[in-house]
Amino acid sequence: MKSDRVSSEHTNESANPLTARDHPLPYSLLLNHPPTGSSDQGRWEDFGISQLPELRRSLLNWYAEAGRDLPWRRTRDPYAIWVSEIMLQQTQVKTVIPYFERWLEQFPTIASLADAEQQQVLKAWQGLGYYARARNLHRAAQLIVQDYGGTFPTDFETVIELPGIGRTTAGGILSAAYNQPVAILDGNVKRVLARMIALEVPPKRAIGLLWQVSTTLLDPIHSRDFNQALMDLGATLCTPKNPACLLCPWQTHCRANQLNMQSELPISENRTPIPHKQIGVAVIWNEEHQILIDRRRQEVLLGGLWEFPGGKIEPGETVEACIQREIQEEIGIEIEVGDRLITIDHAYTHFRVTLNVHHCRYVSGEPQAIECDEVRWVTVDELDQYPFPKANVQIIEAIRQL
DNA sequence: AAGTCGTGGGT
DNA sequence: TACCCAAGACT
């Protein structure tokens, strides 16, 4: 276990002045039972001054025993911690670790990242998803070099202005790198706190309240460890399904556990069904046995990545007709649509697609970047050098197996 | 201020 | 299978 678990370079208690009693919870947000008599233990209002030391102590003690040993916890380099925080957005720890290790070898400093080409950066990010994170990380590195001499800033107001860094990520970086008492509210913390106070609305509907709770609970001395501990608690014990309440340091303080409602909380929003789109995709061969690929525009889904051109199949349209039309509209060339290469089903967050991929033969015209940033003829061996989204990597694999 | 933005893991 | 969810930010 780490020896520096309890650190104290930052001792500014006044930075965390809020107490629960300064911000009483509206009764409407509490789950059953009015706050009357002596039977109202566990209400959020009761996490006042007297409760806070015990809550903080018990969590920190648990963390010292059960906290995870993660690569980015072995450093205080704000750049490395920043990279980890960005990669970890909406992404599981297990997925991030290999990307994180490779990233720091390839881009060991802010300056080295700032100097890199965007294509290099996206290639290193390939497979992680949410590619705006990589584009913003790259842009922010260049801003830090330009405006702050390549040194990561230390004040919250400056950090949160950087592209890709919101309130939670700023708090995560500043507490982890400098032990500053800045609260966080990520998915883990939302779930833990929603259960602690038995929040009776979906966390999305009570963001302000949850920030208050996180800020109030935060240990002003051991801020780094406290925030890390809170996230570990959510990731390892206070899990979405089957939380291990018997092992939880806050078991006796948790209102959800008191009410035996830990499996019902937090309340989730009902989602609207997602659409399913049929897409025609062209693998266009020329007489030199090269393939035509295009680079997607920066702002759109998968912005900056390369793809095999194509588009949505209109109602009543055949796959072949769609491909021929899309290539004429988007690239400005004539092709002949041939055999089917592969069919790929892929699920994004807000829709599903079926890629109907066909071999095509180039016929005439000069390829133009009409609805993309760039088009290029490449050999099969050169495809590796370009960043592609996952569904297109599957197409490349199918091509290689020809 | 609801929609948008990827992919992998777990059930 | 299909669905949920993950160290959220941006528009």
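Quick note: numbers below take in every heavy atom, side chains included, and nothing from hydrogens, waters or symmetry partners. Convention: sequence-line order gives letters A, B, ...; per-chain numbering from 1.
- Separating the CD atom of A/Glu269 from the P atom of B/dG3 is a distance of 10 Å, rounded to the nearest angstrom.
- Residue A/Gly127 is in sugar-phosphate contact alone, with no base atom involved, counting any heavy-atom pair closer than 4.0 Å across all strands shown.
- For A/Tyr348, no side-chain nitrogen or oxygen approaches OP1 or OP2 of B/dT4 to under 4.0 Å.
- In the model, A/Gln89 has no side-chain atom that pairs as donor or acceptor with a side-chain atom of A/Arg133 under 3.5 Å.
- Remark: the A/Arg205 side chain and the B/dA2 base include no donor-acceptor N/O pair separated by less than 3.5 Å.
- Applying the salt bridge (Lys or Arg N to Asp or Glu O under 4.0 Å) criterion to A/Asp384, with sequence neighbours excluded, gives A/Arg400.
- At a threshold of 4.0 angstrom between heavy atoms, the contacts of A/Trp72 include nucleobase atoms, whether or not backbone atoms are also involved.
- In this structure, A/Leu70 places its CG atom 17 Å from P of C/dA6, rounding to the nearest Å.
- The distance between atom CG of A/Leu265 and atom P of C/dC4, rounded to the nearest whole Å, is 18 Å.
- Applying the ring-ring contact (aromatic ring centres under 6.0 Å, His included) rule to pairs touching residues 380-402 of chain A yields A/Trp306-A/Tyr386, A/Phe308-A/Phe388, sequence neighbours excluded.
- Atom CG in A/Asp345 sits about 16 Å away from atom C1' in B/dT7, given to the nearest Å.
- Close to B/dG6, at under 4.0 Å from its OP1 or OP2, lies no side-chain N or O of A/His346.
- DNA chain C is contacted by both A/Met231 and A/Arg352; A/Arg352 maps to the nucleotide lying nearer its 5′ end (nearest heavy atom per residue).
- Partners of A/Asn257 under the side-chain hydrogen bond (donor to acceptor under 3.5 Å, both in side chains) rule, at least two apart in sequence or in another chain, do not exist in this structure.
- Residue A/Leu305 contributes atom CG, which lies 14 Å from atom P of B/dC5 at whole-angstrom precision.
- For A/Glu382, the salt bridge (Lys or Arg N to Asp or Glu O under 4.0 Å) test picks out no residue, with sequence neighbours left out.
- Rounded to a whole Å, the CG atom of A/Leu355 is 15 Å from the C1' atom of B/dT7.
- Take A/Glu54 and apply the side chain to side chain contact (heavy atoms under 4.5 Å, CB included) test, not counting sequence neighbours, and it matches A/Arg57, A/Ser58, A/His253.
- Closest to the A/Thr95 side chain, of the nucleotides B/dT7, C/dA7, B/dG8, is B/dG8.
- With ring centers used as reference points, A/Tyr348 lies 6.0 Å or more from A/His350.
- Of the P atoms belonging to B/dG3 and C/dC4, the separation is 16 Å, rounded to the nearest Å.
- Contact between the side-chain N/O atoms of A/Arg191 and the OP1/OP2 oxygens of C/dA6 is found at a separation under 4.0 Å.
- Between the NZ atom of A/Lys94 and the C1' atom of C/dC5 there is a distance of 14 Å, given to the nearest Å.
- One can place CD1 of A/Ile97 at 12 Å from P of C/dA7, the figure rounded to the nearest angstrom.
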| Verdict with supporting geometry, A/Leu193 and A/Ser214, side chain to side chain contact (heavy atoms under 4.5 Å, CB included) | CA-CA 8 Å; A/Leu193 299 184; A/Ser214 182; 3.8 Å; yes
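- B/dC5 and C/dA7 have their P atoms separated by 23 Å, given to the nearest Å.
- Residue contacts shown for A/Glu299 are absent, as no nucleic acid heavy atom lies under 4.0 Å away.
- Taking only side-chain nitrogens and oxygens, A/Lys241 never comes nearer than 4.0 Å to OP1 or OP2 of C/dC4.
- Of the candidates B/dT7, C/dC3, C/dA6, the closest approach to any side-chain atom of A/Gln92 belongs to C/dA6.
- Using a 4.0 Å heavy-atom criterion, one finds that A/Leu302 contacts the sugar-phosphate atoms exclusively.
- Of the residues near DNA chain B, A/Leu301 and A/Asn242, the one whose nearest nucleotide (by heavy atom distance) lies more toward the 5' end is A/Leu301.
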Do any N or O atoms of the protein come closer than 3.5 Å to N or O atoms of nucleotides 8-11 of chain C, and which pairs are they?
unit_1 : atom_1 : unit_2   : atom_2 : d
C/dG8  : OP1    : A/Gly187 : N      : 2.6
C/dG8  : OP2    : A/Gln90  : N      : 2.8
C/dG8  : OP2    : A/Gln90  : OE1    : 3.1
C/dG8  : O5'    : A/Gln90  : OE1    : 3.4
C/dG8  : O3'    : A/Thr169 : OG1    : 3.4
C/dA9  : OP1    : A/Gly166 : N      : 2.9
C/dA9  : OP1    : A/Gly166 : O      : 3.4
C/dA9  : OP1    : A/Thr169 : N      : 3.0
C/dA9  : OP1    : A/Thr169 : OG1    : 2.7
C/dC10 : OP1    : A/Gly164 : N      : 2.3

